[in-house]
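Read the structure below first, then the notes.
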Amino acid sequence: MNTSHAAAPDDAAPDKGVPEERVPEKGAPDRGAPGEGTVTEGVAPAARLAALAAALADETRAAICMTLLEGRAWTAGELARITAVAPSTVSGHLARLTEAGLCVTERQGRHSYVRVADAATARLLDELASYAIPDRDAAHTVPVVAAPDPLARARTCYDHFAGRLGMAVTDAMERRGLLRTEGVFELTEAGRRWCALVGVDLAPEGRRPPASSCLDWTERRRHLGGIAGARLCARALGRGWVVRPVGGGRALDVTSAGEHAFRELLGITPDDWK
């Protein structure tokens, strides 16, 4: 698995008032079960289970975990507002959850974001929440960061897709077995064949990996970057699947040709990004 991640080159200056997406996320190691590689390592199994239960045995920490089950990343300040406690108090709770292996922190530009450690941890938390709340029919829902709708819908992050379109492409590639997103993003063999079929050249470009992840500042999830992400975006621009609106900027409009292409190649429709 390729773990070298170089920051994508900065494109045109971001639109005024819009946070800049700067550094692609560094690859996270395979964490295994929650708590592995933390302060509980080497402790007796019963004590590890008790430590994990203790980390969740607080209403504020439980609220933080339910918020993170949305699959997005949040800043400590946002989690403080959501849980209605002081930022200093949230910081202490986040330290406890991170120590237990339930959460990880990512640095993106000027901000640090917190997310669930991995898919196994998310499944554990979801099952516990469903067990404790039998009539729970969905993850705890909280508002996502506000952004001008054209940018939230589809834009470029340096040289690859971002916004709802970027997440739709990433999710579709994962569903179709073209991309692994657990930990470090990695194209599968099927994904490499798909890129060749679509005309996405994966020729090496310095130390840039074939696939990497970048935290999307509006969706608060990781979208596809790296060589594959950049050249797929370039291919879409070159074929007229997406175009820049009048006046330029980072926003993208998907054309009718693009709607057809995305449907044929990835099974996604305008409902997935509008």
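For the single chain, residues carry numbers from 1 onward in sequence order. FYI, side chains are in, hydrogens and waters are out, and symmetry mates aren't considered; it's all heavy atoms of this structure.
Salt bridge status for D171 with R221: present, with a side-chain N to carboxylate O gap under 4.0 Å. Electrostatic pairing of R155 and D216 counts as a salt bridge here, judged by a charged N lying under 4.0 Å from a carboxylate O.
Taking CG of L79 as the reference point, atom SG of C65 lies at 10.0 Å (rounded to 0.5 Å). In this structure, CZ in R222 is found 10.0 Å from OG1 in T170, a value given to the nearest 0.5 Å. Note that CD of E174 and OG1 of T188 are 11.0 Å apart. Values are rounded to the nearest 0.5 Å. Taking CG from L232 and CD1 from I227, the interatomic distance works out to 13.5 Å, rounded to the nearest 0.5 Å. Separation of atoms CZ (R81) and CH2 (W74) is listed at 10.0 Å; rounding is to 0.5 Å. Here OG1 of T181 is found 6.0 Å from CG of L179. Values are rounded to the nearest 0.5 Å.
Nearest approach of G240 to T255, heavy atoms of both residues: O-OG1, 2.6 Å. The two residues S212 and G226 have their closest heavy-atom pair at OG-N, 3.0 Å. Of all non-hydrogen atoms in E182 and D118, the two that sit nearest each other are OE2-CB, 3.0 Å. Of all the heavy atoms in V254 and G258, the pair that sits closest is CG1-C, 3.8 Å. Closest heavy-atom contact between D159 and C233: O-CB, 3.5 Å. Minimum interatomic distance between E219 and A152 (heavy atoms only, all atoms of both residues): OE2-O, 4.4 Å.
Using modelled atom types, one side-chain atom of E78 and one backbone atom of T75 make a donor-acceptor pair closer than 3.5 Å. Between the side chain of R153 and the backbone N or O of L165 there is no donor-acceptor pair closer than 3.5 Å. The main-chain N or O of A257 is never found under 3.5 Å from a side-chain atom of H260 such that the two would form a donor-acceptor pair. Judged by distance alone, with hydrogens and angles left aside, the side-chain atoms of T89 form no donor-acceptor pair with the main-chain N or O of V85 at under 3.5 Å. Checked by atom type and distance alone, the side chain of R115 never pairs as donor or acceptor with a backbone atom of V104 at under 3.5 Å. Side-chain N or O atoms of T67 include one that pairs as donor or acceptor with a backbone N or O of A63 at under 3.5 Å.
Under the 4.5 Å side-chain heavy-atom criterion for Ile, Leu, Val, Met, Phe, Trp and Tyr, V242 and M167 are members of distinct hydrophobic clusters. Under the 4.5 Å side-chain contact rule for hydrophobic residues, L68 and L97 share a cluster. Residues W241 and L252 share a single hydrophobic cluster, defined by chaining ILVMFWY side chains whose heavy atoms lie under 4.5 Å apart.
Residues meeting the side chain to side chain contact (heavy atoms under 4.5 Å, CB included) test with L128, sequence neighbours left out: L56, L124. With sequence neighbours excluded, no residue forms a side chain to side chain contact (heavy atoms under 4.5 Å, CB included) with A132. With sequence neighbours left out, the side chain to side chain contact (heavy atoms under 4.5 Å, CB included) criterion links A203 to D201, R231. Taking the ring-ring contact (aromatic ring centres under 6.0 Å, His included) definition, one finds that F161 meets it with nothing, sequence neighbours left out. Judged as a ring-ring contact (aromatic ring centres under 6.0 Å, His included), and not counting sequence neighbours, W194 has no contacts.
Ring-plane geometry between H111 and Y113 is classed as perpendicular, the angle between the planes exceeding 60 degrees on a 0 to 90 degree scale with a lower cut at 30.
Counting non-hydrogen atoms of neighbouring residues, nucleotides and ligands closer than 6.0 angstrom, the CZ atom of R239 reaches no more than 12 such neighbours.
Applying the side chain to side chain donor-acceptor pair (under 3.5 Å) rule to pairs touching residues 49-61 yields R61-H93, sequence neighbours excluded.
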**Message:** The test is side chain to side chain contact (heavy atoms under 4.5 Å, CB included); show your working for V114 and I64 and say whether it passes.
**Reply:** CA-CA 10 Å; V114 181; I64 290 171; 5.8 Å; no

**Message:** Under the criterion salt bridge (Lys or Arg N to Asp or Glu O under 4.0 Å), I'd like the reasoning laid out for D272 against R263: C-alpha separation, chi angles, the key distance, then a yes or no.
**Reply:** CA-CA 10 Å; D272 294 307; R263 183 182 299 109; over 6 Å; no

**Asked** How far apart are the C-alpha atoms of F262 and V169, what are their side-chain angles, what is the distance that settles it, and do they pass the side chain to side chain contact (heavy atoms under 4.5 Å, CB included) test?
**Response** CA-CA 8 Å; F262 286 127; V169 168; 4.2 Å; yes

**Prompt:** Taking it one step at a time, do W273 and E259 satisfy side chain to side chain contact (heavy atoms under 4.5 Å, CB included)?
**Reply:** CA-CA 11 Å; W273 63 79; E259 292 180 4; 4.0 Å; yes

**Request:** Report the C-alpha distance between L224 and M173 in whole Å, list the side-chain angles of each, state the deciding distance to 0.1 Å, and finish with yes or no for side chain to side chain contact (heavy atoms under 4.5 Å, CB included).
**Result:** CA-CA 9 Å; L224 175 65; M173 291 184 68; 3.7 Å; yes

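Using a 4.5 Å heavy-atom cutoff, the side chains of R244 and T156 are in contact. For the pair H223/S213, no side-chain contact is recorded, criterion being any heavy-atom separation below 4.5 Å from C-beta on.
S112 and R107 share a donor-acceptor pair across their side chains, judged by distance under 3.5 Å alone.
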